[in-house]
Amino acid sequence: MVRDRVVEIFRKALAKGAAEGRWPAAAPAFSLESPRDPKHGDFAVNAAMVLSKAAGRPPRELAQAIVEAVRAVDDAGDVATLEIAGPGFINVRLAPDVWLRALERAVAAGAGWGRTKVGEGKKVIVEYVSANPTGPMHVGHGRNAVVGDGVQSLLRWAGFDVVREYYVNDYGAQVQTLARSVHLRYQELHGRTVTMPPKSYPGEYVRDIAARLRDEFGDRFLDAPEAEWLALFRDRAVQLVLGLIREDLAAIRIDFDRWSSEKALYESGTVDRFLRSLEEKGLVYVGKLPPPKSKKGAPPAQPQGDLEEGVSLSDDLLLFRSSQYGDEVDRPVKKADGTTTYFCADIAYHWDKRSRADILVDVLGADHGGYVPRLEAALDALGASRDDLHVVLIQMVNLTRGGEAVKMSKRAGTVVSLREVVDEVGADATRFIFLTRRSDAQLDFDVELAKRQTLDNPVFYVQYGHARLAAIARKAAEAGVPVPAFDLDAARTLEAPEEQDLIRRIASFPDVVSGAALAYEPHRIAFWLQETIAAFHSYYTQGKKSGERVIGPDPRKTAARLFLCRALKQVLANGLAVLGVAAPDRMESPETRDAVEDA
RNA sequence: GCGCCCGUAGCUCAGCUGGAUAGAGCAGCGGCCUUCUAAGCCGCGGGUCGGGGGUUCGAGUCCCUCCGGGCGCGCCA
C-alpha cells in the first residue's frame, strides 16, 4: 500500500533521528492524511507538531530536521518532494511512478484489490439482526441487517476472521405470547369465536402458522390445558417464523454462519453453570432493587412486567453487581419467582461468544442503547474487557413515499414489512440506501426515490458509472483496440489532474476499506463510491468536450486511459461487492424500457 | 429528572477518530450533446458548523454549560 510505504519511511526516519539523539524516542503517534488540496502534496504528516513539545523545539524547525532524516532514509527515491507548510506540516509528494505501480497492483489484484491484513486474522463475532422470532422482519430490522452485513463484510475484507451470528430469543415471555396467539387462531380455525387480547400478535402470519398446526394436530389441543400445548406450539411457531425471517433475509442477500438459540443456552446447562460461576466470583447477591425513578410530578411508575400473581416488589432478587462496573444500578439476573432474566442469559451468551472470539460486535437498535452499559459492565466484571465489545447502534428508519411519511403503528398492525419494500424497490436499492447515512443518525427511506432510475437515486448513479466503464471496454473491443497490459511508459502520459486524482483513489482504496472496517462504518464505502464515480463522470465529460475521450488517436495514451478505466471499473465493482450491491455491465436505457413497455 | 444519540448551505446529509481556505446531492438560475449511454457534466449564488465558555500550536470534531429534536430509563425481550 502506498500509504504504508510513507508511514514506514517516516518511522525509519524518526527512529534514526532518535538514535542520534536529535529528538526523544518515545514519540507520540504521528498521523498521515490526504489533504483536500492537491497543492499540499499526496500526504501531510504532522510528526513535527506532535513531537515538538517533547523535543522542546518549535515545530517548523523540527520539521526541517525530520525532512533531512527522511531524505537520508529514502534510498528507493520514492519521495519526490518534501515541503514544510503551515504550523509545521510536512507535505510529502511521491514520485509519480509510485502511484502508477499501485495502479498496476490494483489491476493485478483484481477482485482482491482492497483486501488487507490489518485484522491480523483476529476472530470477530458480528451479531446482528437478532430480531425476536415473533413475526416477519420490518423495515427497521432491515437497516440493522444491512449495516450489520456491511460491518461483517468490511471486517472480512480487512483480514479479520469473521463469524456472522444471529441470536434467537426463543425462550422468554414473547415467544410464549406468540404461542398463545397461535393457539387462539387455531381455535378460530375450528370454528370458535375468539378475541385477540391486547398482548398478542395480530398478524396474518399467525393464522398461517395456526393452519399448519391444525393440519398437523387436528383438534387434539383444542380444549387441552395450556401446559400440554404451550411448549409445542411455541417451538413450532418459532421454527416457522424463523423460516419467514430467513426468507426475508435471503431477499436482501443476507445469510448467517451461526444461529445461536437462547433456549439452547438453558437446555445445555450453560446458563446454570454461568450463574454458579457468578456466585463463586461474588458478582451476585440477594437483595432488593431501589424503587424505580419516576418522572417529576408523576406518580412512581409501577413495573408491570410479567410478575406472577402474589409476587411483590419487596421480594428479594438475585442481583448482579453491575454498578461496580459503571452501570447505574445493579441488575437482576433472577426474578422474584426464581426464574432468570433476559439479561442473565444474554451475558452468559456474551461470555460464551467471548470465549470463541477476540472481538465482539453487536449491532443493536438505538432503543437498546440503555442496555449497553450493563453489557459492558458484565464483560469487565467477568474478567474480559468492555473494549472487547463494540456496539453499533442503529437509529430508526422513517419510511416515506414521495416525501410523504408512511404511517406505521405496531398496535394497529400497519408496520411495513421489509419484504414489501424489497419487493418494490429491489435488493440493491434497499441495501445501498440503508448505507447512505451514518447508522447512528435517523434515516428517511423514500420508496419512490429508491425506485427511480435517475441520477438523484444514489444506487443508480453508482451502478450507471460502472456500466459506463463497461461500455467503454466494449467499445474498445469493437474498435479492435487490444486489452492493454500495464505499461509504465504509457501510464506516465496520465498527467491530467483528473487522471491523477483517479489514480490516487484507486491506489488508496485498500486504505478506505480498512479505515471503514476499523471504524465499523460501512456507510463510508457508499459515500466513497459516489464521490469516485462523480470524479470519473466529470473527467469523462470533459474529455468528451475536447473531442478526445478515452479512445483517441494516440495508441499509447489510449492504452493508458483504457488501463485506468479498467482499474477504476474493478475498484467500483469491489466497493459495491463490499456492500453486497450488484455491479451491472449495462443498464437498461429509458428508451429501451419504454420500447419494451410499448411493445 | 437522569443517561445516550443528533443539531453543519433553503432541504437531505458527508466531514477520513484534532489539521491548513468547512464539502456533496437536491431545490433555484445560466450553460454544454459528432452517444466509448446528456441515465452525464460545467458554472453561479448560498454558512455566527444550535448559543456561550474551556482544553492547545490548531476544535465542526475533545470537555463543561444552556437551547432544540429523537430514543431509552421493567423482576419485558
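Below, chains carry the letters A, B, ... as their sequence lines are ordered, and counting in each starts from 1. Note that the structure is a prediction, hence the values are computed from the model and not measured. Side chains included, hydrogens not; waters and symmetry mates left out as well; all remaining heavy atoms used.
Phosphate proximity of B:G18 to A:Ser31: absent, as no side-chain N or O sits under 4.0 Å from OP1 or OP2. OP1 or OP2 of B:C13 lies within a sub-4.0 Å distance of a side-chain N or O belonging to A:Arg437. In this model, the phosphate group of B:C76 is approached by a side-chain N or O of A:Lys335 to a distance below 4.0 Å at OP1 or OP2. For B:G15, one of the phosphate oxygens OP1 or OP2 lies less than 4.0 angstrom from a side-chain nitrogen or oxygen of A:His523.
Side-chain contact check for A:Asp428 and A:Gln463: at least one donor-acceptor pair (N or O, by modelled atom type) lies under 3.5 Å. Inspection of the A:Arg331 and A:Ser322 side chains reveals no N or O donor paired with an N or O acceptor under 3.5 Å. In summary, the side chains of A:Ser261 and A:Asp170 do present a donor paired with an acceptor at a separation below 3.5 Å, with no hydrogens or angles considered.
Within the nucleic acid shown, A:Gln442 comes within 4.0 Å of sugar-phosphate atoms alone, with no base atom in reach, counting heavy atoms only. Nucleic acid contact for A:Ala479: none, since no nucleic acid atom lies under 4.0 Å from a heavy atom of the residue. Among the atoms of the strands shown, base atoms are found under 4.0 Å from some heavy atom of A:Ala467. Using a 4.0 Å heavy-atom cutoff across all strands shown, A:Glu262 reaches sugar-phosphate atoms only and no base atom. In this structure, A:Ala85 reaches the bases: a heavy-atom distance under 4.0 Å links it to at least one base atom across the strands shown. Note on A:Pro59: nothing from the nucleic acid sits closer than 4.0 angstrom, heavy atoms only. As judged by a 4.0 angstrom heavy-atom cut-off over every strand, A:Arg438 is placed among residues touching the sugar-phosphate backbone only. A:Asn46 comes within contact range of at least one nucleobase, with a heavy-atom separation under 4.0 Å. At a threshold of 4.0 angstrom between heavy atoms, the contacts of A:Tyr342 include nucleobase atoms, whether or not backbone atoms are also involved. Among the heavy atoms of the strands lying under 4.0 Å from A:Tyr371 is at least one base atom, whether or not backbone atoms are also near. Looking at heavy-atom distances under 4.0 Å, A:Ala519 makes contact with a base.
Nucleotides B:G45 and B:C2 have their P atoms positioned 46 Å apart, rounded to a whole Å. Atom name C1', nucleotides B:G23 and B:G47: the rounded distance is 12 Å, in whole Å. B:A22 and B:A14 have their C1' atoms separated by 11 Å, with the value rounded to a whole Å. The gap from the P atom of B:C62 to that of B:C44 amounts to 33 Å, rounded to the nearest Å. When the P atom is compared between B:C63 and B:U56, the two are found 15 Å apart, to the nearest whole Å. Between B:U17 and B:G31, the two C1' atoms lie 42 Å apart (nearest whole Å). Using atom C1' as the reference point in both B:C26 and B:A59, the two lie 30 Å apart (nearest Å). For the P atom pair drawn from B:G52 and B:C67, the interatomic distance equals 15 Å after rounding to whole Å.
Each of A:Tyr461 and A:Arg524 was matched to the nucleotide of RNA chain B holding its nearest heavy atom; the match closer to the 5' end belongs to A:Arg524. When each of A:Leu518 and A:Ile472 is assigned the nucleotide of RNA chain B bearing its nearest heavy atom, the one mapping closer to the 5' terminus is A:Leu518.
No aromatic stack links A:His368 and the base of B:G72, using centre distance under 5.5 Å and interplanar angle under 30°. Stacking between A:Phe89 and the base of B:A20 is present: ring centres sit under 5.5 Å apart and the planes differ by under 30 degrees.
One atom, CD of A:Glu33, and another, C1' of B:A59, lie 14 Å apart when rounded to the nearest Å. Here the C1' atom of nucleotide B:A14 and the CZ atom of A:Phe432 are 13 Å apart, to the nearest Å. Going from atom CG of A:Asn144 over to atom C1' of B:C71 covers 16 Å, rounded to whole Å. The CG-C1' distance, from A:Leu393 to B:G72, rounds to 11 Å in whole Å. Atom C1' of nucleotide B:G18 and atom CG of A:Leu32 are separated by 15 Å, given to the nearest angstrom. When the P atom of B:G72 is taken as reference, atom CG of A:Leu375 falls 18 Å away, rounded to whole Å. Atom NE2 in A:His537 sits roughly 6 Å away from atom P in B:C41 (whole-Å rounding). We find that CG of A:Leu562 is positioned 9 Å from C1' of B:C36, with the value rounded to whole Å.
Between B:U12, B:C57, B:G70, one nucleotide has an atom nearer to the side chain of A:Asp444 than all others, and that is B:U12. Of the listed nucleotides (B:C75, B:C6, B:U21), B:U21 has the atom at the smallest distance from the side chain of A:Asp37. Of the candidate nucleotides B:C5, B:G19, B:A14, B:C5 has the atom lying nearest to any side-chain atom of A:Gln395. Distances were taken from every side-chain heavy atom of A:Asp367 (C-beta onward) to each of B:C71, B:C42, B:G19; the shortest belongs to B:C71.
Salt-bridge formation is detected for the pair A:Lys288/A:Asp316: a Lys NZ or Arg NE/NH1/NH2 atom is positioned less than 4.0 Å from an Asp or Glu carboxylate oxygen. Salt bridge status for A:Lys353 with A:Glu165: absent, with no side-chain N to carboxylate O gap under 4.0 Å. Salt bridge status for A:Asp337 with A:Lys335: absent, with no side-chain N to carboxylate O gap under 4.0 Å. Looking at A:Lys569 and A:Asp585, a side-chain N of the basic residue comes within less than 4.0 Å of a carboxylate O on the acidic one, giving a salt bridge.
A:Phe509 and A:Trp528 have tilted rings, their planes meeting at an angle from 30° to 60° on a 0 to 90° scale. Between A:Tyr371 and A:Tyr342, the two ring planes are tilted [angle within 30° to 60°].
Remark: A:Arg474 CZ is packed, more than 12 non-hydrogen atoms of other residues, nucleotides or ligands lying under 6.0 Å away.
No hydrogens or angles were tested; on distance alone, a donor-acceptor pair under 3.5 Å links the side chain of A:Asn91 to the base of B:A20.
B:U21: glycosidic angle beyond 90° from 0, hence anti.
RNA chain B contains the following stems of three or more consecutive Watson-Crick or G-U pairs, with both distances under 3.5 Å: B:1-7 with B:67-73, B:10-13 with B:23-26, B:28-32 with B:40-44, B:50-54 with B:62-66.
Applying the side-chain hydrogen bond (donor to acceptor under 3.5 Å, both in side chains) test between A:Asp440 and each of A:Gln442, A:Arg437, A:Arg438 identifies A:Arg438 as the sole match.
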